[in-house]
Asker: 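Mind having a look at this structure? Questions to follow.
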Amino acid sequence: MAPPNQPSIERRRLAAELRNLREGIGITVEEARAALGWSSGRLNHMEGGRHSVPDASGLRALLDLYGVTSATQREALEALRKEAKARPWWRDFEDVLTDGFLGWEARARRIFAFHPIVVPGLLQTPEYAAASARASLARTEDEIERIVTARMKRQDTVLGHPDAPEFRCVLDEAALLRLAAMPAPLANGQLRHLVDVATAVNTVSLLVLPIAVGLHGCLHGSTVLLEYDDERDPPIVYLETRGRGTYVTGPAQVADYRLALDDVTADALSKSASIDLIKSMITE
């Protein structure tokens, strides 16, 4: 289980590149540190990706030490360093977004998710987003307003562009029944939004898991699997909790959660039947 302070995907990429370069010439961290005259731990932090990104001169010193002479490779690593240092939009909402998940989601090419209780953030209307945040009993009205703003920007950033990732979402029927029990204007607005997204956005597959299925592979709860095209970025599983979520990165564990997601996908209604069910719950 990865700790809550997961490095950003750009930092993880840069850390892996630096580690591979050092290992490629067969020297230890301590030998590299001594050769550069750096303080103890500085290179460990860079290769860990969580706490330190080298400045431009530090990166040049590392590449000189590792014998990287290709101008193309050096330029690519400098570009990656700048990406790792950049401040993404969600950092402006760190008071209400606490565990860095959006950074991982934003870079994914495929997002596979199961949600048993609530409509996921990528598919929420502003009214539903506010209601779900308010239901946690842990947010002030000012914080709820910022959460809603962040979720709407997140939707536009992830799904609102031509190169949007594939998003397969299995929504438990129980989440729809809870939604239908909410005030009619809010419920109908959210249900219509689900239908609109499922029919109009060709990168989104929305499936409903019927309660009649009974027990299933995702009884552990809400699960999101993020996959990437870049081989430097192995898949990662995110498990939602009341506070900071939990990240799963071990290959065997990720494969296990993938199996669970495949199980609920196989038991879910077809896309057309799922849309028909959602439509049938609209009351006006």
Asker: Under 4.5 Å between any side-chain heavy atoms of Ile236 and Glu105, yes or no?
Answerer: no

Asker: Which distance, rounded to the nearest 0.5 Å, do you find between the CG of Asn188 and the CD of Glu127?
Answerer: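 Result: 12.0 Å between the selected atoms.
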
Asker: Treating Ile, Leu, Val, Met, Phe, Trp and Tyr as nodes and any side-chain heavy-atom pair under 4.5 angstrom as an edge, say whether Ile282 and Leu171 lie in one connected cluster.
Answerer: yes

Asker: Going by heavy atoms in the side chains, are Val254 and Leu225 under 4.5 Å from each other?
Answerer: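 Side chain of Val254 against side chain of Leu225, heavy atoms only: contact under 4.5 Å found.
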
Asker: Could you measure the distance from the CZ atom of Arg13 to the CG atom of Leu18? Nearest 0.5 Å is fine.
Answerer: 14.0 Å

Asker: For Asp230, is there an ion pair with Arg109 - N to carboxylate O distance below 4.0 angstrom?
Answerer: no

Asker: Distance from Met46 atom CE to Leu59 atom CG, nearest 0.5 Å?
Answerer: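 Between Met46 CE and Leu59 CG, I get 8.5 Å after rounding to 0.5 Å.
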
Asker: Leu21 vs Leu63, test: side chain to side chain contact (heavy atoms under 4.5 Å, CB included). Steps then yes/no.
Answerer: CA-CA 8 Å; Leu21 287 171; Leu63 298 185; 3.8 Å; yes

Asker: Count I, L, V, M, F, W, Y as connected when their side-chain heavy atoms are under 4.5 Å apart, and connections chain through other members. Are Met152 and Leu194 then in the same cluster?
Answerer: no

Asker: Could you label the plane-to-plane angle of the Trp104 and Tyr247 rings as parallel, tilted or perpendicular, counting under 30° as parallel and over 60° as perpendicular?
Answerer: tilted

Asker: So if I apply the side chain to side chain contact (heavy atoms under 4.5 Å, CB included) rule between Phe167 and each of Leu159, Leu206, Thr203, Val201, which one comes out positive?
Answerer: Leu159

Asker: Please find the pair of heavy atoms, one from Cys169 and one from Pro120, that lie closest to each other, and give the distance.
Answerer: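 Looks like SG-CG, 3.7 Å.
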
Asker: Measuring from atom CZ of Arg11 to atom CZ of Arg81, what distance do you get when rounded to the nearest 0.5 angstrom?
Answerer: 11.5 Å

Asker: If only atom types and distance count, is the side chain of Glu17 paired as donor or acceptor with the main-chain N or O of Leu77 below 3.5 Å?
Answerer: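 Checking the backbone N and O of Leu77 against the side chain of Glu17, no donor-acceptor pair under 3.5 Å is found.
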
Asker: Keeping Arg139 on the side-chain end and Val96 on the backbone end, is there a donor-acceptor pair under 3.5 Å?
Answerer: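 Flag set: sc Arg139 to bb Val96 pair under 3.5 Å.
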
Asker: With a 4.5 Å heavy-atom cut-off, do Phe101 and Leu226 have their side chains touching?
Answerer: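 Yes, at least one pair of side-chain atoms sits under 4.5 Å.
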
Asker: Which atom pair, heavy atoms only, marks the closest approach of Val264 to Gly217?
Answerer: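 So the minimum-distance heavy-atom pair works out to CG1-N, 4.3 Å.
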
Asker: Treat each ILVMFWY residue as a node, draw an edge where side-chain heavy atoms are under 4.5 Å apart, and state whether Ile144 and Tyr128 are in one component.
Answerer: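 Result: no, two separate clusters.
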
Asker: Find the distance between CG (Asp263) and CG (Leu209) and round it off to the nearest 0.5 Å.
Answerer: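 The CG atom of Leu209 is 8.5 Å from CG of Asp263, to the nearest 0.5 Å.
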
Asker: Mark yes or no for whether His216, through its side chain, and Val213, through its backbone, hold a donor-acceptor pair below 3.5 Å.
Answerer: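 Judged by distance alone, no pair lies under 3.5 Å.
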
Asker: When you check the gap from the basic side-chain N to the acidic O, do Asp262 and Arg168 get nearer than 4.0 Å?
Answerer: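 Yes.
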
Asker: Could you tell me whether Arg146 and Asp95 have a side-chain N and a carboxylate O separated by less than 4.0 Å?
Answerer: yes

Asker: Show your reasoning for whether side chain to side chain contact (heavy atoms under 4.5 Å, CB included) applies to Arg91 and Glu94.
Answerer: CA-CA 5 Å; Arg91 290 284 178 86; Glu94 284 184 319; 2.8 Å; yes

Asker: Is it true that a side-chain atom of Glu173 and a backbone atom of Ile211 form a donor plus acceptor pair closer than 3.5 Å?
Answerer: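 Yes: the side chain of Glu173 pairs with the backbone of Ile211.
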
Asker: Using the rule that two of Ile, Leu, Val, Met, Phe, Trp, Tyr join whenever any of their side-chain heavy atoms come within less than 4.5 Å, decide whether Leu102 and Tyr228 are in one cluster.
Answerer: yes

Asker: Would you say Arg74 has more than 12 foreign heavy atoms packed within less than 6.0 Å of its CZ?
Answerer: yes

Asker: Can you get from Val68 to Val53 by hopping between Ile, Leu, Val, Met, Phe, Trp and Tyr side chains that sit under 4.5 Å apart?
Answerer: yes

Asker: When rounded to the nearest 0.5 angstrom, what is the spacing between CD in Glu227 and CZ in Phe112?
Answerer: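 The distance works out to 5.0 Å.
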
Asker: Between Thr149 and Glu145 (side chain of the first, backbone of the second, donor and acceptor by atom type, cut-off under 3.5 Å), is there such a pair?
Answerer: yes

Asker: Given side chains that start at C-beta, do those of Thr249 and Pro234 come closer than 4.5 Å, heavy atoms only?
Answerer: no

Asker: Indicate yes or no for a side-chain donor-acceptor contact from Gln190 to the backbone of Ala187 under 3.5 Å, with no hydrogens or angles considered.
Answerer: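 Flag not set: sc Gln190 to bb Ala187 has no pair under 3.5 Å.
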
Asker: For Val204 and Glu166, run side chain to side chain contact (heavy atoms under 4.5 Å, CB included): C-alpha distance rounded to whole Å, both residues' side-chain angles, the deciding distance at 0.1 Å, then the answer.
Answerer: CA-CA 6 Å; Val204 175; Glu166 174 189 348; over 6 Å; no

Asker: Would you please test Glu10 and Lys85 for salt bridge (Lys or Arg N to Asp or Glu O under 4.0 Å) and show each step?
Answerer: CA-CA 9 Å; Glu10 294 83 6; Lys85 291 282 285 186; over 6 Å; no

Asker: Should the heavy atoms of other residues, nucleotides or ligands under 6.0 Å from CD of Glu143 be counted, would the total exceed 12?
Answerer: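 Yes.
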
Asker: Looking at Gln253 and Val248, what are the two nearest heavy atoms and their distance?
Answerer: CB-CG1, 3.3 Å

Asker: Please give me the minimum heavy-atom distance between Gly221 and Phe114, naming the atom from each residue.
Answerer: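 It is O-CD2, 3.7 Å.
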
Asker: Cut-off 3.5 Å, side chains only: do Thr125 and His193 have a donor facing an acceptor?
Answerer: no

Asker: Output, in order, the C-alpha distance, side-chain angles, deciding distance and verdict of side chain to side chain contact (heavy atoms under 4.5 Å, CB included) for Ser280 and Leu277.
Answerer: CA-CA 5 Å; Ser280 73; Leu277 175 60; 3.8 Å; yes

Asker: Taking 4.0 angstrom as the limit, do Arg42 and Glu47 come out as a salt bridge?
Answerer: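 No, Arg42 and Glu47 are not salt-bridged.
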
Asker: Quick one: does Arg22's side chain have a donor or acceptor within less than 3.5 Å of a partner on Ile27's backbone?
Answerer: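 Yes; judged by distance alone, with no hydrogens or angles, the pair exists.
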
Asker: Keeping the roles fixed (side chain from Ser270, backbone from Ala273), state whether a donor-acceptor pair exists under 3.5 Å.
Answerer: yes

Asker: For Trp38, does its backbone N or O pair with a side-chain atom of Arg33 as donor and acceptor, under 3.5 Å?
Answerer: yes

Asker: What I'd like to find out is whether the side chain of Thr223 reaches to under 4.5 Å of the side chain of Tyr238, using heavy atoms alone.
Answerer: no

Asker: When you compare the side chains of Asp142 and Thr140, does any donor N or O come within less than 3.5 Å of an acceptor on the partner?
Answerer: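 Side chains of Asp142 and Thr140: no pair found under 3.5 Å.
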
Asker: Under a 4.0 Å N-O cut-off, is there an ion pair linking Arg60 with Glu78?
Answerer: no

Asker: Looking at Asp172 and Ala175, would you say the former's side chain and the latter's main chain have a donor-acceptor pair under 3.5 Å?
Answerer: no

Asker: Should Leu207 and Lys271 count as side-chain neighbours, where that means a heavy-atom distance under 4.5 Å?
Answerer: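 Side-chain contact under 4.5 Å: yes.
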
Asker: Given side chains that start at C-beta, do those of Arg258 and Val237 come closer than 4.5 Å, heavy atoms only?
Answerer: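 Answer no - side chains too far apart.
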
Asker: Kindly indicate whether the side chain of Ser222, heavy atoms from C-beta on, has any atom under 4.5 Å from the side chain of His115.
Answerer: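 They are in contact (side-chain heavy atoms under 4.5 Å apart), so the answer is yes.
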
